[in-house]
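Sequence positions, counted from 1, serve as the residue numbers for this chain. As the structure lists them, so they are numbered: ligands from 1, and atoms in each ligand from 1.
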Amino acid sequence: MLHVSMIGCGAIGVGVMEILKSDPEVAFDMVVVPEAHMERARSTVSTLAPTARVVSRLGDERPDLLIECAGHQAIAEHIIPALERGIPCMVVSIGALSEPGLVDKLEAAARAGKTQVQLLSGAIGAIDALAAAKVGGLESVVYTGRKPPQAWKDTPAEAAFDLDALKEPTVIFEGSAREAARLYPKNANVAATLSLAGLGLDQTRVRLYADPGVSENVHYVEARGAFGGFELTMRGKPLAANPKTSALTVYSVVRALGNRAHALSI
Ligand SMILES: NC(=O)C1=CN([C@@H]2O[C@H](COP(=O)(O)OP(=O)(O)OC[C@H]3O[C@@H](n4cnc5c(N)ncnc54)[C@H](O)[C@@H]3O)[C@@H](O)[C@H]2O)C=CC1
Ligand SMILES: O=C([O-])CC(=O)C(=O)O
């Protein structure tokens with residue numbers, strides 16, 4: 001039985017607990033959320049993981065695994081201190097890692113605690129192939145992200161374009177993954193994941209579209225290198241609870257937890 005503590009109880013956290021409710025090999029002991037969100041989280045957790053406690057910090061507890069499904073702040077607040085204490089961690093807010101120095105801090109904390117932090121693939125596939133291709137040498141990685149216009153509300157695209165009136169696919173951003181993450185932090189997870197697995201934030205090229213013709217989060221990746229090349233298209237269905245988040249992200253967390261908890265890992 002794997003004893004897990006989860007940070008965050010939003011669209012991803014709830015989706016993960018719903019699926020794993022029926023897995024006898026995974027137990028959620030604690031769910032960590034900010035004070036202000038505790039009441040709402042308690043009522044959700046009481047049905048999905050009735051034995052779990054909702055807390056605002058981990059305290060002295062030592063779960064077998066701590067998983068972050070919360071956002072940028074949670075990495076400095078909870079993950080780094082847990083790694084330093086030797087608790088293995090998983091992180092889903094990969095976009096947060098485009099902040100200069102944060103990946104190095106995570107690595108240093110895991111080294112200090114003699115443990116490991118796993119960065120999850122979330123909404124994008126072929127991270128295994130890309131990271132393996134990097135060993136032989138990559139020449140180019142280009143990522144095109146395409147979402148319905150409403151998915152770009154509350155981003156710089158809203159000021160630059162009349163999103164509700166768009167009739168054609170419209171490029172709202174073109175540049176490096178570093179710049180994409182700076183301007184579109186809540187949509188930066190896929191670009192940052194591809195960068196970390198591949199050529200880094202400055203060499204990974206990104207193009208973002210607001211496209212009235214799609215209802216899914218479409219991720220297209222072209223990679224070239226000594227290994228040859230690949231093209232990948234993902235058409236991620238958004239979660240009803242958060243249209244910025246593809247459902248595959250939930251399944252990616254469930255897969256990662258299953259791989260730690262079960263006898264067979266794939
Ligand atoms: N790797 C990937 O491909 C993807 C990653 N994400 C990332 O996953 C994260 C969670 O996404 P959602 O569940 O959709 O968000 P959400 O907004 O639905 O839920 C966030 C949850 O985290 C909690 N939270 C916020 N700050 C916290 C803190 N400092 N400490 C503890 N808990 C905190 C909130 O109370 C809430 O329960 C976001 O950072 C998002 O960008 C989302 C989609 C894809
Ligand atoms: O598709 C998703 O779930 C998330 C996404 O585009 C991103 O954050 O890069």
Side-chain angles (χ1 to χ4, degrees), residues 5-18 30-45 48 54-58 66-82 90-99 118-127 143-148 151-152 154-155 173 177 180-181 183-197 204 206-211 214-221 233-253 255-256:
S5 289
M6 166 123 78
I7 307 173
C9 187
I12 297 175
V14 168
V16 168
M17 282 189 282
E18 265 167 3
M30 281 201 282
V31 176
V32 183
V33 292
E35 280 304 331
H37 301 178
M38 280 174 74
E39 206 172 305
R40 188 153 42 106
R42 277 205 179 101
S43 92
T44 312
V45 169
L48 296 178
V54 176
V55 295
S56 62
R57 43 194 313 110
L58 204 56
L66 179 64
I67 173 144
E68 177 277 327
C69 303
H72 197 146
Q73 272 301 107
I75 293 178
E77 233 176 279
H78 304 292
I79 294 294
I80 290 186
M90 290 177 176
V91 168
V92 81
S93 296
I94 311 298
L97 305 185
S98 48
E99 178 190 311
Q118 183 180 350
L119 309 182
L120 299 188
S121 54
I124 189 69
I127 292 304
Y143 163 59
T144 304
R146 199 178 282 270
K147 295 188 180 183
W152 299 108
D154 304 321
T155 74
F173 171 85
L183 292 170
Y184 296 89
K186 290 193 176 153
N187 290 275
N189 294 293
V190 170
T193 307
L194 292 166
S195 300
L196 285 166
T204 304
V206 175
R207 194 182 299 127
L208 300 175
Y209 281 88
D211 187 343
V214 300
S215 55
E216 295 140 334
N217 295 331
V218 185
H219 305 296
Y220 178 66
V221 185
T233 304
M234 311 277 306
R235 291 188 196 85
K237 283 204 175 149
L239 288 174
N242 186 352
K244 285 191 167 69
T245 295
S246 297
L248 189 73
T249 313
V250 169
Y251 308 147
S252 145
V253 174
R255 170 197 177 227

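Remark: the backbone N or O of Arg40 is paired with a side-chain donor or acceptor of Thr44 at under 3.5 angstrom. Between the side chain of Ser252 and the backbone N or O of Leu248 there is no donor-acceptor pair closer than 3.5 Å. Side-chain atoms of Glu68 come within 3.5 Å of backbone atoms of Val92 as a donor-acceptor pair (strictly under, hydrogens ignored).
Using a heavy-atom distance under 4.0 Å as the criterion, the protein contacts of ligand 2 are Ala123, Lys147, Lys186, Asn187, Ala188, Asn189, Val190, Asn217, His219, Lys244, Thr245, Ser246, Thr249. Pocket lining of ligand 1, defined as residues with a non-hydrogen atom under 4.0 Å away: Ile7, Gly8, Cys9, Gly10, Ala11, Ile12, Val32, Val33, Pro34, His37, Cys69, Ala70, Gly71, Gln73, Ala74, Glu77, His78, Val92, Ser93, Ile94, Gly122, Ala123, Asn189, Asn242, Thr245, Thr249.
When all heavy atoms of Val250 and Ala11 are compared, the pair lying nearest together is CG2-O, 4.3 Å. Here the closest heavy-atom approach between residue Leu120 and residue Ala256 is recorded as CD2-CB, 3.6 Å.
The shortest side-chain heavy-atom distance between Thr233 and Val221 does not fall under the 4.5 Å cut-off. Residues Cys69 and Met6 are in side-chain contact: their nearest non-hydrogen atoms beyond the backbone lie under 4.5 Å apart.
Each of Arg146, Lys147, Arg235 was checked for a salt bridge (Lys or Arg N to Asp or Glu O under 4.0 Å) with Asp211, and the lone residue meeting it is Arg146.
Rounding to the nearest 0.5 Å gives a distance of 10.5 Å between CG of Leu119 and OG of Ser121.
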